[in-house]
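Just so you know, ligand 1 is whichever comes first in the structure, and atom 1 is the first atom listed for that ligand. Residues: numbered from 1 along the sequence shown. The shown structure was predicted, so the numbers you read here are calculated from the model rather than taken from an experiment.
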Amino acid sequence: MSGRRVAYVNGRFVRHADAAVHIEDRGYQFADGVYEVWAVFGGRLADAPGHFARLRRSLGELRIAEPMGEAALKIVLAETLRRNRIVDGLLYLQVNRGVAPRDHAFPDPGVKPSVIVTARAIDLAAGEAKAALGVAVISTPENRWGRCDIKTVGLLPNVLAKQAAREAGAVEAWFVDELGLVTEGASSNAWIVDADGVLRTRDIQANILRGVTRQSVLRLIGEAGLALDERPFTIAEAKAAREAFITGAGSLVLPVVRIDGAAVGDGAPGPVAKRLRTFYMAEARRLAA
Ligand SMILES: Cc1ncc(COP(=O)(O)O)c(C=O)c1O
């Protein structure tokens with residue numbers, strides 16, 4: 001299987017095993033680039049418009065030129081899925097400022113952004129089994145820069161937090177700011193159903209990524225008429241909550257059953273998280289493009 005994997009690298013499809021970028025690519029030298037990840041259902045992109053809009057915004061905030069128009073990019077993405085025979089999976093796009101002699105300030109405007117795309121299949125049944133059991137999270141002090149709204153490839157704090165989670169037998173780490181409030185996960189947004197039955201997640205004025213899955217789930221919550229408050233919560237509130245869950249292109253809607261070792265609710269996935277996962281999956285499939 002891996003022998004047939006193909007990656008898109010700067011205009012060419014190459015064997016995944018041979019895919020490489022230049023050592024002076026600024027993504028490699030400075031983490032000077034952005035990325036997007038789409039869930040793929042039935043060979044089509046989930047929440048496509050939201051991810052394209054965020055990509056444009058991330059590039060704009062960093063003043064990296066759009067490497068190609070959206071129509072062309074869609075063709076590259078679809079072709080990557082096709083060549084890798086992806087039905088259900090994850091699609092990864094990275095756009096860096098390009099290759100130039102190492103110098104912190106921006107290179108010549110003529111330097112072309114670099115683009116890579118990879119895709120891999122995911123086992124939906126395994127994802128469902130994981131969701132049925134729920135996952136554990138740990139908390140960790142927020143130590144990221146002030147522009148977490150930009151989806152940059154500079155992810156070292158997230159890497160360290162995720163590794164700490166893994167070593168603790170958890171799948172995600174929730175960052176906690178200096179006021180004791182949860183910002184988000186290392187690769188997901190954080191939610192609870194609080195002790196009063198109200199859905200809570202941090203508002204996007206804060207220094208967090210504007211999760212595309214989060215936005216879709218907010219819409220579903222509105223349609224279902226569930227009580228919602230976009231307000232941050234503490235770890236103590238999360239431990240005392242009825243339910244907790246995370247959202248993201250990788251996790252979709254994933255129930256959280258333990259926080260720092262303490263059971264949330266009765267220690268099993270809660271009804272609201274399970275319902276939102278079912279709704280989200282159905283809608284994401286229906287709207288996949
Ligand atoms: C830090 C962080 N927060 C939140 C998310 C969720 O965003 P999305 O739903 O757009 O995948 C991600 C991405 O996976 C992330 O890396």
Would you mind checking if R202 and E184 are paired as a salt bridge, meaning a charged N to carboxylate O distance below 4.0 Å?
-> no

Quick one: does H51 get an N or O within less than 3.5 Å of an N or O on ligand 1?
-> no

Which bit of C148 is near ligand 1, meaning a heavy atom under 4.0 Å away: side chain, backbone, both or neither?
-> neither

Report the residues that fulfil ring pair (Phe, Tyr, Trp, His ring centres under 6.0 Å) with F41, sequence neighbours left out, ordered by chain and then residue number.
-> none

Are any of the N/O atoms in R144 less than 3.5 Å from those in ligand 1?
-> no

Is V264 linked to I138 within one hydrophobic cluster, defined over Ile, Leu, Val, Met, Phe, Trp and Tyr using a side-chain heavy-atom separation of less than 4.5 Å?
-> no

Checking heavy-atom distances from atom 4 (C) of ligand 1 to each of G211, S216, S188, S251, the winner is S188

Contact check, Q215 vs ligand 1, heavy-atom distance below 4.0 Å = no

Could you verify whether a donor N or O on one side chain and an acceptor N or O on the other, from S114 and N10, lie under 3.5 Å apart?
-> no

Under-4.0 Å salt bridge between D229 and R200 = no

Relative to ligand 1, is W38 under 4.0 angstrom through side chain, backbone, both or neither, heavy atoms considered?
-> neither

If we only count N/O pairs under 3.5 Å, is N158 in contact with ligand 1?
-> no

Which is it for R210 and ligand 1 at heavy atoms under 4.0 Å: side chain, backbone, both or neither?
-> neither

